[in-house]
Undergrad: 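Got a structure here, written out as structure tokens. Questions coming.
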Amino acid sequence: MFEFIIGLACIAFFGCGAIVLLRKKNYLYSGSCLIFVFIGIILLLPESNTEKNEAEITNSPKPVVTNTPPVKTQAAAPTVTLKNDSKFDLEAKQLLNTVQNIVDTDFTFKTSIKQIELNEHIGTDESGDFIALISLSYDQLHSEETTKKWIEEYTSHLAALLGEQEKNITSLVIFWETPRFKENWNTAKYTLVKKDDGIFYFESKTFDKSVFN
């Protein structure tokens, strides 16, 4: 507001003076008066956009920085199907521990256990024989060909160790999820049967042909 009043006064006073001096042909002093007129005009000009932007930036609130740590997501714990039978449930929990140890120790690429279920094997002559249904997930981001290669190798390795360590399991059905290609879907299934030598042998292999050719 102060600059506005000064500018207006300069224009009025020195403008009149310049007109009077020009009539008297006093060009030197009239030129000086015109300089003050221009100064008055400059003082009447509004603030530049640059100055306003600078003021807005200076007065803008600063971002608030919090010290809250990031939340880490964890994989869901594997589930074991229990039958409310102490002997049966003990076998199921033991199998989970065995499979978990093999996966953690021997599987190089990221693999998780989804579910383990034991069922009584009524097709054998021996009582206490079980069929184990094991659901795994191959979580490594490999190609279809590499994924298929490794889930087959892991299946063979797992079956070989279970044949040695789990004497009461006579059949295995191993399911594989491959989340890179399909979420929450079994894309491979292996069925294995234990022979008289105590070794598991492949009985069948089934693949989702939209993933594995």
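Counting from 1, the numbers follow the sequence of the chain as shown.
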Undergrad: Pick from L172, I169, L192: which one makes a side-chain contact (heavy atoms from CB on, under 4.5 Å) with L162?
TA: L172
Undergrad: Carefully, step by step, assess F107 and H157 under the rule side-chain contact (heavy atoms from CB on, under 4.5 Å).
TA: CA-CA 9 Å; F107 288 12; H157 183 72; 4.1 Å; yes
Undergrad: About how many Å separate CD of Q100 and OG of S112, when rounded to the nearest 0.5 Å?
TA: 9.0 Å
Undergrad: Counting only N and O atoms by type, is there a donor-acceptor contact under 3.5 Å from the side chain of Q140 to the main-chain atoms of K110?
TA: yes
Undergrad: Give every residue pair that meets the salt bridge (Lys or Arg N to Asp or Glu O under 4.0 Å) criterion with at least one member in residues 204-213, sequence neighbours excluded.
TA: E152-K205, K182-D208
Undergrad: Side chains of W150 and T108 only: does a donor on one sit below 3.5 Å from an acceptor on the other?
TA: no
Undergrad: Can you tell if the side chain of T155 reaches within under 4.5 Å of the side chain of W176, non-hydrogen atoms only?
TA: yes
Undergrad: Might you point out which heavy atoms bring P78 and I113 nearest each other, and give the distance in Å?
TA: CB-O, 3.2 Å
Undergrad: Is F202 linked to F212 within one hydrophobic cluster, defined over Ile, Leu, Val, Met, Phe, Trp and Tyr using a side-chain heavy-atom separation of less than 4.5 Å?
TA: yes
Undergrad: So, taking the atom named CZ in F200 and the one named OG in S156, what distance separates them when rounded to the nearest 0.5 Å?
TA: 12.5 Å
Undergrad: Are I131 and I116 connected into the same hydrophobic cluster when the rule is that any two of I, L, V, M, F, W, Y join if their side-chain heavy atoms are below 4.5 Å apart?
TA: no
Undergrad: Within the 3.5 Å criterion, strictly below it, is a donor on T147 or T178 matched to an acceptor on the partner's side chain?
TA: no
Undergrad: With clusters defined by side-chain heavy atoms of hydrophobic residues (ILVMFWY) lying less than 4.5 Å apart, directly or transitively, does V103 cluster with Y138?
TA: yes
Undergrad: Would a single hydrophobic cluster contain both L136 and V211, if residues Ile, Leu, Val, Met, Phe, Trp and Tyr are joined by side-chain heavy-atom contacts under 4.5 Å?
TA: yes
Undergrad: Determine yes or no for a side-chain-to-main-chain donor-acceptor pair under 3.5 angstrom, with D197 supplying the side chain and I199 the backbone.
TA: yes
Undergrad: Following the transitive rule for hydrophobic clusters with a side-chain heavy-atom cut-off under 4.5 Å over Ile, Leu, Val, Met, Phe, Trp and Tyr, establish whether L161 and I151 coincide in one cluster.
TA: yes
Undergrad: Just checking, is any N or O donor in the side chain of T98 or E166 under 3.5 Å from an acceptor N or O on the other one?
TA: yes
Undergrad: Run the numbers on L133 and N119 for side-chain contact (heavy atoms from CB on, under 4.5 Å), then give the verdict.
TA: CA-CA 8 Å; L133 299 110; N119 290 315; 3.1 Å; yes
Undergrad: Both conditions, 6.0 Å and 45 degrees, for the charged tip of K148 above the ring of F207: are they met here?
TA: yes
Undergrad: Looking at residues at least two apart in the chain, or sitting in another chain, which of them share a side-chain hydrogen bond (donor to acceptor under 3.5 Å, both in side chains) with E91?
TA: N168
Undergrad: To the nearest 0.5 Å, what is the distance between OG on S135 and NZ on K189?
TA: 10.5 Å
Undergrad: Could you check whether atom CG of D104 has more than 12 heavy atoms from other residues, nucleotides or ligands sitting under 6.0 Å from it?
TA: yes
Undergrad: Please round to the nearest 0.5 Å and tell me the distance separating atom OG of S171 and atom NZ of K194.
TA: 9.5 Å
Undergrad: Describe, in one word, how the ring planes of F109 and H142 are oriented to each other, choosing from parallel (under 30°), tilted (30 to 60°) and perpendicular (over 60°).
TA: perpendicular
Undergrad: Do F181 and T187 have side chains that approach each other closer than 4.5 Å (heavy atoms only, starting at C-beta)?
TA: no
Undergrad: Do V173 and I134 make a side-chain contact, defined as non-hydrogen atoms from C-beta onward lying under 4.5 Å apart?
TA: no
Undergrad: Rounded to the nearest 0.5 Å, what separation is found between the CD atom of Q115 and the OG1 atom of T79?
TA: 4.0 Å
Undergrad: Tell me every residue that passes ring-ring contact (aromatic ring centres under 6.0 Å, His included) with F175, counting only those two or more places apart in sequence or in another chain.
TA: none
Undergrad: Give the intermediate values and the outcome of side-chain contact (heavy atoms from CB on, under 4.5 Å) for residues T111 and D139.
TA: CA-CA 6 Å; T111 304; D139 302 321; 5.8 Å; no
